[in-house]
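Let me begin by presenting the structure, written as structure tokens, before commenting on it.
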Amino acid sequence: MQVWTDVSQVPPGWGPSVVTLGNFDGVHRGHVAVLTRMVDDARAVGAHAVAVTFTPHPAQVHRPDEAPELLLGDADRLELLAATGLDAVLLVPYTLGFARQSPEEFVQRYLVAALRARTVVVGHDVRFGWQNSGDLTTMRRLGERYGFTVDVIDDVRPGGAVEDTPAHRRWSSTWVRELLARGAVEEAAQVLGRLHRVRGVVVHGDARGRELGYPTANLGDTVGMVPADGVYAGWLRRAERRPDGLPVPTADRLLPVAVSIGTNPTFGGRGRRVEAYVLDRTDLDLYDEEVVLELVARLRPTVRFDTVDALLEQMAQDVRDVRRELRTGAPGTA
């Protein structure tokens with residue numbers, strides 16, 4: 001998949017294209033359903049399938065104090081968009097200057113001149129251009145003027161895929177945020193169609209986990225919504241190479257972890273942390289590596305223990321629970 005951050009990067013003569021617009025935060029099952037159908041339609045008519053999206057999220061520019069917490073950073077969003085089969089993504093830097101374009105200026109410059117759109121795929125609630133003044137009627141009118149058709153997609157709904165879901169509920173990033181805010185990562189995975197992920201660089205902590213026999217990888221500034229405080233079972237995913245260029249052994253690229261999210265109340269912590277203990281491994285040096293945590297299940301809330309022994313007893317139980325959730329045995333077990 002090609003990625004462009006400016007229309008000048010689109011190859012001359014690109015097109016024709018089937019184009020869609022959106023933020024695609026989370027790249028959840030609703031997004032995937034629409035995008036894979038769009039890719040199939042583009043293939044059927046010999047066109048390229050292109051998504052136009054934005055960074056940062058427009059709400060972070062217009063309403064930074066009210067902007068939703070993003071489910072994904074750009075790296076993960078692009079990786080997941082590529083998996084849908086798209087030929088290209090135009091990742092537009094969203095600025096106040098960009099936002100001042102009229103609806104027609106945006107369509108003419110980006111969709112027509114650069115991408116040579118033959119079909120534009122949008123939802124009923126599409127908004128674009130200065131102060132969101134462009135809507136579905138505007139897009140249809142511009143399609144008639146510039147020679148592209150407008151394909152209107154209906155909301156994609158679970159259809160019984162998620163238990164106890166109201167019939168009117170649609171797949172949405174808002175729904176995922178609601179679930180993550182209460183730690184319901186299993187339910188969030190049903191909406192996403194995959195495990196929720198949090199990305200960050202491993203930094204030095206206070207080494208307390210190592211002193212207790214459970215060395216943890218502490219993530220610095222994280223990318224991707226961090227769910228509610230608690231202990232989770234999950235996986236730690238590493239890149240193929242370390243920051244120093246040395247290869248990471250294949251067997252060490254996906255590791256089972258117990259993930260702790262919270263303030264470490266037993267030791268009077270205040271700052272919120274995300275840290276992961278790789279089961280049965282004390283030999284790993286993950287410092288300065290950018291890793292991805294994929295969260296499978298929430299085991300319990302974060303609590304304060306009266307003694308270190310009580311904490312250690314619970315940590316041992318947490319590891320057993322992680323094994324159960326991930327169905328991974330202790331070393332030497334079948």
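In this text the structure is predicted, and so the values were computed from the model without any measurement. What's counted below: heavy atoms across the whole structure, side chains too, no hydrogens, waters or symmetry copies.
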Find out if a path of hydrophobic residues (ILVMFWY) with successive side-chain heavy-atom gaps under 4.5 Å connects Phe54 to Leu91.
no

Any donor-acceptor N/O pair, His31 side chain to His28 backbone, under 3.5 Å
yes

Quick one: does any side-chain atom of Asp6 pair with a main-chain N or O of Gln9 as donor and acceptor, under 3.5 Å?
no

Got Val303 and Arg300 here, is their nearest side-chain heavy-atom distance under 4.5 Å?
yes

Are the side chains of Leu78 and Val3 in touch, meaning some heavy atoms are under 4.5 Å apart?
yes

If the test is salt bridge (charged side-chain N to carboxylate O under 4.0 Å, His left out), which one of Arg140, Arg118, Arg37 qualifies with Asp151?
Arg37

How many angstroms lie between atom CZ of Arg238 and atom CG of Leu255, to the nearest 0.5 angstrom?
6.5 Å

When clusters are formed by joining ILVMFWY residues with side-chain heavy atoms under 4.5 Å apart, either directly or through shared neighbours, do Ile153 and Leu142 land in the same one?
no

Correct closest heavy-atom pair for Leu179 and Val191 would be CD1-CG2, 3.9 Å

Would you call Asp74 and Arg77 a salt bridge, using N to O less than 4.0 angstrom?
yes

Answer whether the closest heavy-atom distance between the side chains of Val150 and Val122 falls below 4.5 Å.
yes

If hydrophobic clusters are built from ILVMFWY residues whose side chains come within less than 4.5 Å, do Leu86 and Trp14 share one?
no

Does the Thr55 side chain pair with the main chain of Pro93, one donor and one acceptor, at a distance under 3.5 Å?
no

Roughly how far, to the nearest 0.5 Å, is the CG atom of Leu111 from the CG atom of Leu21?
5.5 Å

Could you tell me whether Asp321 and Arg324 make a salt bridge, using a distance below 4.0 angstrom between a side-chain N and a carboxylate O?
yes

Looking at Arg281 and Asp252, is any side-chain nitrogen of the basic one under 4.0 Å from a carboxylate oxygen of the acidic one?
yes

Between Glu79 and Arg197, does at least one N-O distance fall below 4.0 Å, as a salt bridge requires?
yes

Kindly indicate, with the supporting measurements, whether the criterion side-chain contact (heavy atoms from CB on, under 4.5 Å) is fulfilled by Leu192 and Arg29.
CA-CA 5 Å; Leu192 291 168; Arg29 290 173 69 166; 5.9 Å; no

OG on Ser102 to CZ on Phe128, rounded to 0.5 Å
9.0 Å

Is there a side-chain contact (heavy atoms from CB on, under 4.5 Å) between Thr222 and Leu219 once you walk through the steps?
CA-CA 7 Å; Thr222 55; Leu219 271 60; 3.9 Å; yes

Ring pair (Phe, Tyr, Trp, His ring centres under 6.0 Å) filter on Tyr110, not counting sequence neighbours, yields Phe98, Phe106

Can a donor-acceptor pair be found, under 3.5 Å and without considering hydrogens, that links the side chain of His196 to the backbone of Met225?
yes

Electrostatic pair Asp76:Arg194 at N-O distance under 4.0 angstrom:
no

In one Ile/Leu/Val/Met/Phe/Trp/Tyr side-chain cluster, 4.5 Å: Val248, Val201:
no

Shared hydrophobic cluster, Val292 / Val259 (ILVMFWY, side-chain heavy atoms < 4.5 Å)
no

Is any side-chain heavy atom of Thr36 less than 4.5 Å from a side-chain heavy atom of Thr84?
yes

Contact check, side chains of His204 and Asn218, non-hydrogen atoms, under 4.5 Å
no

Do side-chain atoms of Arg199 reach the backbone of Val291 as a donor and acceptor pair under 3.5 angstrom?
no

Please give me the minimum heavy-atom distance between Ala82 and Met1, naming the atom from each residue.
CA-SD, 3.5 Å

Is it true that a side-chain atom of Thr302 and a backbone atom of Thr263 form a donor plus acceptor pair closer than 3.5 Å?
no

List the steps and the verdict of side-chain contact (heavy atoms from CB on, under 4.5 Å) for Leu115 and Val52.
CA-CA 10 Å; Leu115 299 176; Val52 178; 3.8 Å; yes

For a quick test of reading the model, state the closest non-hydrogen atom pair linking Gly134 to Pro103 and the distance between them.
N-CG, 3.5 Å

Is the backbone N or O of Thr149 less than 3.5 Å from a side-chain atom of Thr119, with the two atoms forming a donor-acceptor pair by type?
no

Mind checking the CD-OG1 spacing from Glu240 to Thr250? Nearest 0.5 Å is all I need.
8.0 Å

Show, in sequence, the C-alpha distance, side-chain angles and deciding distance for Tyr146 and Gln108, and conclude whether the side-chain contact (heavy atoms from CB on, under 4.5 Å) test is met.
CA-CA 8 Å; Tyr146 290 106; Gln108 196 283 326; 3.6 Å; yes

To the closest 0.5 Å, what do you measure between CZ (Arg43) and CE (Met38)?
9.0 Å

Is any side-chain heavy atom of Gln101 less than 4.5 Å from a side-chain heavy atom of Trp130?
no

Would you check if the side chain of Asn23 reaches a backbone N or O of Asp25 as a donor-acceptor pair within less than 3.5 Å?
no

State whether Glu289 and Arg242 are salt-bridged, where the test is any N-O pair (Lys NZ or Arg NE/NH1/NH2 against Asp/Glu carboxylate O) under 4.0 Å.
yes

Does the distance from a Lys or Arg side-chain N to an Asp or Glu carboxylate O, for Glu104 and Arg145, drop under 4.0 Å?
yes

Between His57 and Tyr94, is the ring centre distance below 6.0 Å?
no

Heavy-atom distance under 4.5 Å between the side chains of Leu195 and Trp235, does that happen here?
yes

Does a side-chain heavy-atom distance below 4.5 Å link Phe24 with Leu72?
no

What residues, two or more places apart in sequence or in another chain, satisfy ring pair (Phe, Tyr, Trp, His ring centres under 6.0 Å) together with Tyr277?
Tyr214

Atom pair CG (Leu236) and CG (Leu279), whose distance is rounded to the nearest 0.5 Å:
11.5 Å

Before accepting this row, confirm whether a basic side-chain N of the pair Asp229/Arg298 lies closer than 4.0 Å to the acidic partner's carboxylate O.
no

Work out which heavy atom in Gln190 is nearest to a heavy atom in Trp171; give both atom names and the distance.
O-CZ3, 3.7 Å

Under 3.5 Å, side chain of Thr53 to main-chain N/O of Gly22, donor-acceptor pair present?
yes

Heavy atoms of other groups near Asp244 CG, more than 12 under 6.0 Å:
yes

Shortest non-hydrogen contact from Ala181 to Ala228?
O-CB, 3.4 Å

Tightest non-hydrogen contact, residues Asp87 and Ala49, listed as OD2-N, 2.8 Å

When Val198, Val296, Ile261 are each screened for side-chain contact (heavy atoms from CB on, under 4.5 Å) with Tyr232, the one that passes is Ile261

Any side-chain to backbone donor/acceptor pair from Arg177 onto Glu69? Under 3.5 Å, distance only.
yes

